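Okay, so here's the structure we're looking at.
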Amino acid sequence: MDLGLTNAAAAVVGGGRGMGLATARCLADDGARVAIIARSRTDLDRAAADLASRGSPDAFGLVADITDADQVDNAFSELSDRWDGELNILINAVGPTVRGDFESLSDDQWRQAVDEGAMGMVHCVRSALPLLRKAAWARIVNFSAHSTQRQSVVLPAYTAAKAMLTSISKNLSLLLAKDEILVNVVSPGSIASESLVGWARSVGVDGDNPYALMDAIDKHFGHPAHLPRAGLPDEIGPVVAFLASRRNSYMTGANINVDGGSDFT
């Protein structure tokens, strides 16, 4: 399916690796111009080269810590200079790095989770809005998590931050409807990300085997999916690419689960 992304200007925050990179690849494959924003220059350079070998020959990376509003402003200012002040697509794929149960988390860790999981998205949307409003069409897609609907006692700060992001995204969909800027959320389930694979290896499980990974998730967390395996980052990208495309012309304010099946209500 042609998503109508040829020459669309897309910024993927957290596009240096994992699900963010998988999404950036889908956008590039469909002909979008892609910029990626992340903290690691090494990840950015590697990802930009990968995207350039696909359908985005001018792909580039911008270094920014999204918890720092000034750094975010600077990144989007440079992006604006490159793309004449327009942006069609903003993807926010960064998540909190904080882990730990309620009683072990410090106040600073709670603040860090909110900064990484919600306020970073706020900084990026705020900086990108003038560019999105100037474009002929625009979409925002934010990454939440299935844990906002299926709680885990080892992820209270992570989940709270993602729930905050989901709520803000819903509000943005209402605010920006008058501008016909569509805002949606994707909530991945158990995806074989670097962090999840690393955790599996730490408990003696072959993290590269998605079936073994799901067995471990069931054993340790009691959260199996209906499908008998974990998902892969490449299975998230196409969903996000559709939501970010012109083919999605009437869906806004939605939270889409990509989780292999669950008992969400």
Side-chain angles (χ1 to χ4, degrees), residues 13-22 37-40 43 64-69 71-72 92-124 142-170 185-210 212-225 229-233 236 255 257-260 262-265:
V13 183
R17 60 174 66 182
M19 288 180 277
L21 178 56
I37 298 173
R39 288 184 296 184
S40 167
D43 286 346
D65 178 347
I66 65 167
T67 66
D68 185 323
Q71 290 189 38
V72 172
N92 289 294
V94 176
T97 57
V98 174
R99 300 291 188 273
D101 64 36
F102 183 87
E103 291 177 291
S104 70
L105 291 169
S106 68
D107 287 356
D108 285 343
Q109 287 176 306
W110 280 96
R111 294 186 188 98
Q112 179 186 342
V114 171
D115 283 345
E116 293 175 338
M119 287 307 301
M121 178 273 288
V122 170
H123 295 156
C124 291
N142 295 327
F143 276 62
S144 185
H146 76 158
S147 60
T148 64
Q149 303 166 67
R150 200 180 203 183
Q151 291 286 330
S152 170
V153 295
V154 299
L155 295 173
Y158 176 96
T159 298
K162 285 296 190 179
M164 182 177 175
L165 174 143
T166 302
S167 178
I168 295 169
S169 300
K170 184 73 172 181
V185 170
V186 169
S187 288
S190 298
I191 305 299
S193 61
E194 288 184 17
S195 60
L196 188 56
V197 169
W199 165 81
R201 290 171 178 162
S202 74
V203 296
V205 173
D206 179 5
D208 294 323
N209 181 332
L213 190 53
M214 183 54 70
D215 284 342
I217 291 166
D218 186 11
K219 176 182 176 182
H220 288 266
F221 303 109
H223 287 170
R229 64 173 178 85
L232 303 174
I236 299 294
N255 185 359
N257 297 320
V258 186
D259 57 19
S262 66
D263 295 322
F264 293 165
T265 56

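Just so it is clear, the structure is predicted and the values come from calculations on it, not from any experiment.
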Among all residues two or more places apart in sequence or in another chain, which pass the side-chain hydrogen bond (donor to acceptor under 3.5 Å, both in side chains) test with [X]?
X: Asn209; answer: none
X: Gln112; answer: Thr97, Glu116
X: Ser169; answer: Asn142
X: Thr148; answer: none

* **Pairwise salt bridge (Lys or Arg N to Asp or Glu O under 4.0 Å) hits with a residue in residues 92-101, at least two apart** => none
* Structure fact -> Residue pairs meeting salt bridge (Lys or Arg N to Asp or Glu O under 4.0 Å), one or both in residues 187-210, sequence neighbours left out, come to Arg17-Glu194, Arg201-Asp208
How close do [X] and [Y] get, counting heavy atoms only, and between which atoms?
X: Ser187; Y: His146; value: CB-N, 4.0 Å
X: Ala113; Y: Ala161; value: O-CB, 3.2 Å
X: Ser190; Y: Met214; value: CB-CE, 4.0 Å
X: Ala200; Y: Gly207; value: CB-CA, 3.9 Å
X: Gly16; Y: Leu21; value: O-CD2, 4.0 Å
X: Ala160; Y: Trp110; value: CB-CZ3, 4.1 Å

Could you pull out all residues at least two apart from [X] that satisfy side-chain contact (heavy atoms from CB on, under 4.5 Å)?
X: Ser167; value: none
X: Val122; value: Met119, Arg126, Ile168
X: Gln109; value: Val98, Leu105, Ser106
X: Asp215; value: none

* Structure fact -> Separation between CD (Gln71) and CZ (Arg39), nearest 0.5 Å, reads 10.0 Å
* Gap separating the CD1 atom of Ile236 from the CE atom of Met19, nearest 0.5 angstrom -> 6.0 Å
* **All salt bridge (Lys or Arg N to Asp or Glu O under 4.0 Å) counterparts of Asp107, not counting sequence neighbours** => none
With a 4.5 Å cut-off on side-chain heavy atoms, are [Y] and [X] touching?
X: Ile217; Y: Leu196; result: yes
X: His220; Y: Val154; result: no
X: Asn255; Y: Gln149; result: yes

* With Val94, which of Asp65, Ile66, Thr67, Ile37 fulfils side chain to side chain contact (heavy atoms under 4.5 Å, CB included)? ->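 Among Asp65, Ile66, Thr67, Ile37, the one that satisfies the side chain to side chain contact (heavy atoms under 4.5 Å, CB included) with Val94 is Ile66.
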